[in-house]
There are 2 protein chains.
Amino acid sequence: MNIDKENQFFEFKELCHKSDLKITPQRVVIYEILSSTDEHPSAETVYKKARRIMPNISFDTVNRTLNTFSDIGAAFIVEGTGDVRRFDAGLGNHQHFKCVKCKRIIDFHYEEFDNVHRPAELEKFDILKSTVYFEGICDVCKKK
Amino acid sequence: MNIDKENQFFEFKELCHKSDLKITPQRVVIYEILSSTDEHPSAETVYKKARRIMPNISFDTVNRTLNTFSDIGAAFIVEGTGDVRRFDAGLGNHQHFKCVKCKRIIDFHYEEFDNVHRPAELEKFDILKSTVYFEGICDVCKKK
DNA sequence: GTACTATATAGTAGTTAATACTATTTAGCA
DNA sequence: TGCTAAATAGTATTAACTACTATATAGTAC
């Protein structure tokens with residue numbers, strides 16, 4: 001294990017302890033798979049990779065663990081959300097804030113976000129859309 | 001129909017014509033439901049509302065139509081994506097670009113996006129995360 | 001107005017991502 | 001070393017979403 005990996009693993013353990021999660025071999029395997037790829041794998045893909053290391057691990061464990069990681073901030077969902085698809089006619093420029101508790105999506109508008117700068121790194125792509133998006137806890141849920 | 005609604009409807013028709021889509025009563029109803037709410041409804045919710053106006057409309061039509069609208073830019077998916085959930089260990093600050101053709105997610109990093117400005121409108125919320133995200137067609141898919 | 005044709009729809013069946021359940025096991029700790 | 005709450009394996013279930021097919025209709029040409 002190199003310094004980077006060691007450090008990552010330490011941070012992972014810290015996150016687990018903070019949330020009173022046990023450090024199980026399954027969780028370690030899943031975290032290592034996730035932190036050693038930039039492929040943004042699905043639960044199914046992580047499951048397949050995990051089976052090679054730990055042949056009896058169940059899909060449920062992988063999926064549940066990924067959700068747990070997402071809850072404690074040890075992983076992020078970068079595609080889909082698990083929540084049902086929701087639509088917007090997109091009338092007028094606006095951005096979205098989502099409350100992670102009540103799932104409410106609140107529109108707001110901040111002009112600078114209508115046309116964000118396109119980094120040079122993306123010049124080789126045809127950009128169709130840019131989005132600025134916030135997530136957190138809304139005023140109503142904060143009171144509870 | 002007020003001026004705004006009339007104008008929206010005209011733009012909607014334009015979008016349909018540009019994509020060779022027929023203006024069906026079902027599509028009109030669905031578009032009107034979507035453009036007269038800021039609730040960001042799910043397909044199921046739109047379906048329930050549509051049934052009140054057009055009792056025989058099927059869920060398939062509603063769902064398919066919403067997807068069609070999303071394809072032609074008459075609607076936007078603001079939650080979930082229909083694609084399977086995918087994960088990222090989130091190591092180091094970075095942002096994502098997604099190719100809408102091959103679904104590949106590409107990491108990039110532009111420092112200004114690590115801490116975007118939080119608009120005053122959002123001050124009453126606890127913000128946990130901000131995301132800047134691009135969507136388009138990647139270099140590989142462009143060549144095809 | 002009438003007829004034609006490709007497209008769209010209703011109704012239903014099917015798929016699959018994701019979650020739930022239960023008996024068993026185990027991590028963390030005294 | 002033993003205890004206990006938490007986690008897991010294996011499987012069942014759920015539900016969002018898509019696919020299929022016979023019928024209907026929007027758009028167009030006459």
Side-chain angles (χ1 to χ4, degrees), chain A residues 9 12-33 40-72 74-75 77-87 103, chain B residues 9 12-33 40-72 74-75 77-87 103:
Chain A
F9 187 60
F12 166 67
K13 285 206 289 188
E14 283 286 288
L15 277 167
C16 287
H17 283 140
K18 257 196 281 182
S19 311
D20 287 314
L21 292 184
K22 291 177 181 172
I23 316 285
T24 66
Q26 289 87 345
R27 284 180 177 154
V28 172
V29 164
I30 292 166
Y31 186 76
E32 287 191 340
I33 289 169
H40 313 92
S42 64
E44 187 63 34
T45 304
V46 175
Y47 173 60
K48 280 179 189 159
K49 289 190 182 191
R51 289 285 265 189
R52 286 189 221 136
I53 300 161
M54 192 177 271
N56 286 329
I57 198 169
S58 69
F59 178 79
D60 180 64
T61 297
V62 173
N63 192 56
R64 189 171 18 78
T65 301
L66 288 168
N67 284 340
T68 305
F69 285 177
S70 170
D71 289 341
I72 66 169
I77 296 175
V78 295
E79 175 70 20
T81 58
D83 296 313
V84 300
R85 231 170 3 155
R86 288 164 63 186
F87 298 86
K103 311 287 183 186
Chain B
F9 187 59
F12 167 66
K13 284 206 288 187
E14 285 286 288
L15 277 167
C16 286
H17 284 140
K18 256 196 283 184
S19 310
D20 287 315
L21 291 184
K22 292 177 181 171
I23 315 286
T24 66
Q26 288 87 345
R27 284 179 177 155
V28 172
V29 164
I30 292 166
Y31 186 75
E32 287 191 340
I33 289 168
H40 313 92
S42 64
E44 187 64 34
T45 305
V46 174
Y47 174 59
K48 280 179 190 160
K49 289 190 182 191
R51 289 285 265 187
R52 287 188 221 135
I53 301 161
M54 192 177 271
N56 286 330
I57 197 168
S58 69
F59 178 78
D60 180 64
T61 296
V62 173
N63 193 56
R64 190 171 18 78
T65 300
L66 288 168
N67 284 340
T68 306
F69 285 178
S70 170
D71 289 341
I72 66 168
I77 297 175
V78 295
E79 175 71 16
T81 59
D83 297 313
V84 300
R85 231 170 3 156
R86 288 165 62 186
F87 298 87
K103 311 285 183 187

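Numbered from 1 within each chain, the chains take letters A, B, ... in sequence-line order.
- Summary of the strand contacts: A:Lys22 and B:Thr61 both lie near DNA chain C, and taking for each the nucleotide with the nearest heavy atom, the more 5' one is attributed to B:Thr61.
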Audit row: B:Thr45, B:Ser42, side-chain hydrogen bond (donor to acceptor under 3.5 Å, both in side chains) steps and yes/no: CA-CA 5 Å; B:Thr45 305; B:Ser42 64; 3.0 Å; yes
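- Checked against C:dA17, C:dG28, C:dG11, the side chain of A:Ile23 finds its nearest nucleotide in C:dG28.
- Between B:Pro25 and B:Asp83, the residue anchored closer to the 5' end of DNA chain C is B:Pro25, taking for each the nucleotide with the nearest heavy atom.
- Residue A:Arg85 is classed as a sugar-phosphate contact, given heavy-atom separations below 4.0 Å to backbone atoms only.
- Distances from the side chain of A:Arg51 to the nucleotides D:dA19, C:dA8, D:dG10 place D:dG10 closest.
- Set against C:dT19, D:dT18, C:dA10, the side chain of A:Asn67 has C:dT19 as its closest nucleotide.
- For the OP1/OP2 pair of C:dA17 and a distance below 4.0 Å, the side-chain nitrogens and oxygens of A:Ser42 include no atom meeting the criterion.
- Judged by distance alone, with hydrogens and angles left aside, A:Asp60 brings a side-chain donor or acceptor within reach of the base of C:dA20, the pair sitting under 3.5 Å.
- Looking at A:Arg51, its side chain does come within 3.5 Å of a backbone N or O of A:Ile57 through a donor-acceptor pair.
- Residue B:Arg27 has its side chain nearest to C:dA8 when only D:dC17, C:dA8, D:dA9 are considered.
- Between A:Arg64 and the phosphate of D:dT8, there is a side-chain N or O to OP1/OP2 separation shorter than 4.0 Å.
- Separation of atoms CG (B:Asn67) and CZ (A:Phe87) is listed at 5.5 Å; rounding is to 0.5 Å.
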